[in-house]
Amino acid sequence: MPDPVAPSQPPPPPEAPPSADPSSLDLPPNIAAAIACIPLVGGIIFYLLEKRNSFVRFYAMQSIIFGGAWFLFNIASVVVHAVVGAIPGVGPILVFLWAVIAALVHLAFLVVFIVAVVKAFSGVRWDIPYVGPMARKQVEGSGA
């Protein structure tokens with residue numbers, strides 16, 4: 001009867017996660033990707049600095065696109081707030097309603113940002129809806 005503790009074949013080596021690619025930075029790829037998730041600024045810095053690791057470059061590009069969308073929403077929100085606030089009579093009510101809508105949208109942006117940071121830190125490649133596929137095309141198209 002064979003010994004169950006000593007199998008005849010050694011177990012296969014564990015597969016390396018996608019974040020184990022060599023990096024051009026002195027940070028572990030999951031840490032670099034988590035920092036790259038900081039909207040716009042972190043993404044731009046890490047996209048420019050990281051040349052080899054596609055995991056970090058993906059999160060950096062996703063951060064650039066996501067941060068740009070967040071920035072554009074802020075600009076649109078200010079414009080809507082100014083236009084709606086200029087309406088006589090119902091302006092204050094509409095401003096309040098827009099403030100509630102804007103707060104909910106900002107909360108959604110914050111939740112997506114936190115989920116992206118946690119996924120990047122855990123070494124999982126996660127596509128933000130609509131943003132992730134665009135980031136993947138940009139990173140794959142850049143020859144990295």
Can you measure from CD1 (Ile128) to CZ (Phe113) and round to the nearest 0.5 angstrom?
10.0 Å
Same cluster or not: Ile101 versus Val111, using hydrophobic residues (I, L, V, M, F, W, Y) connected whenever any side-chain heavy atoms lie under 4.5 Å apart?
yes
Stepwise side chain to side chain contact (heavy atoms under 4.5 Å, CB included) test for Glu50 and Arg52:
CA-CA 6 Å; Glu50 180 59 59; Arg52 293 184 295 208; 3.9 Å; yes
Which pair of heavy atoms, one from Ala116 and one from Cys37, lies closest together, and at what distance?
O-SG, 3.8 Å
Aromatic ring centroids of Tyr59 and Phe55 under 6.0 Å?
yes
Quick one: do Phe66 and Trp70 satisfy side chain to side chain contact (heavy atoms under 4.5 Å, CB included)? Show the steps, please.
CA-CA 6 Å; Phe66 180 73; Trp70 201 339; 3.7 Å; yes
Minimal heavy-atom distance between Ser63 and Pro39, with the atoms involved, is OG-CA, 3.5 Å
Shared hydrophobic cluster, Leu72 / Val41 (ILVMFWY, side-chain heavy atoms < 4.5 Å):
no
Between Val80 and Val105, is there shared hydrophobic-cluster membership here, with clusters defined by ILVMFWY side-chain heavy atoms closer than 4.5 Å?
yes
Rounded to the nearest 0.5 Å, how far does CD1 of Ile31 lie from CZ of Phe121?
4.0 Å
Straight-line distance of Ile114 CD1 to Leu110 CG, nearest 0.5 Å:
4.0 Å
I'd like to know whether CZ of Phe109 has more than 12 heavy-atom contacts from other residues, nucleotides or ligands below 6.0 angstrom.
yes
Against the six-membered ring of Phe58, is Arg125 placed for a cation-pi contact (under 6.0 Å from the centre, within 45° of the normal)?
yes
Would a distance-only check, ignoring hydrogens and angles, find a side-chain to backbone donor-acceptor pair under 3.5 Å from Gln62 to Trp126?
yes
Using modelled atom types only, decide if a donor and an acceptor are shared between the side chain of Arg57 and the backbone of Lys51 within a distance under 3.5 Å.
no
If every non-hydrogen atom of Val56 is compared with every non-hydrogen atom of Pro29, which pair is closest and at what distance?
CG2-O, 3.5 Å
Any donor and acceptor pair, going by atom type alone, linking the side chain of Ser77 with main-chain N or O of Phe73 inside 3.5 Å?
no
Separation of Leu27 CG from Ile35 CD1 (nearest 0.5 Å)
5.5 Å
Give, for atom CG of Asn30 and atom NZ of Lys119, the distance between the pair rounded to the nearest 0.5 Å.
14.0 Å
Following the transitive rule for hydrophobic clusters with a side-chain heavy-atom cut-off under 4.5 Å over Ile, Leu, Val, Met, Phe, Trp and Tyr, establish whether Ile65 and Leu48 coincide in one cluster.
yes
Please name the pair of heavy atoms, one in Val84 and one in Val95, separated by the smallest distance, quoted to 0.1 Å.
CG1-N, 3.7 Å
Identify the heavy atoms of Leu94 and Ile87 that sit nearest to each other, and give their distance.
CD1-CD1, 3.9 Å
Quick check for you: to the nearest 0.5 Å, what is the distance between Asn74 atom CG and His106 atom NE2?
4.0 Å
Among the clusters formed by ILVMFWY side chains lying less than 4.5 Å apart, do Val112 and Val115 turn up in the same one?
yes
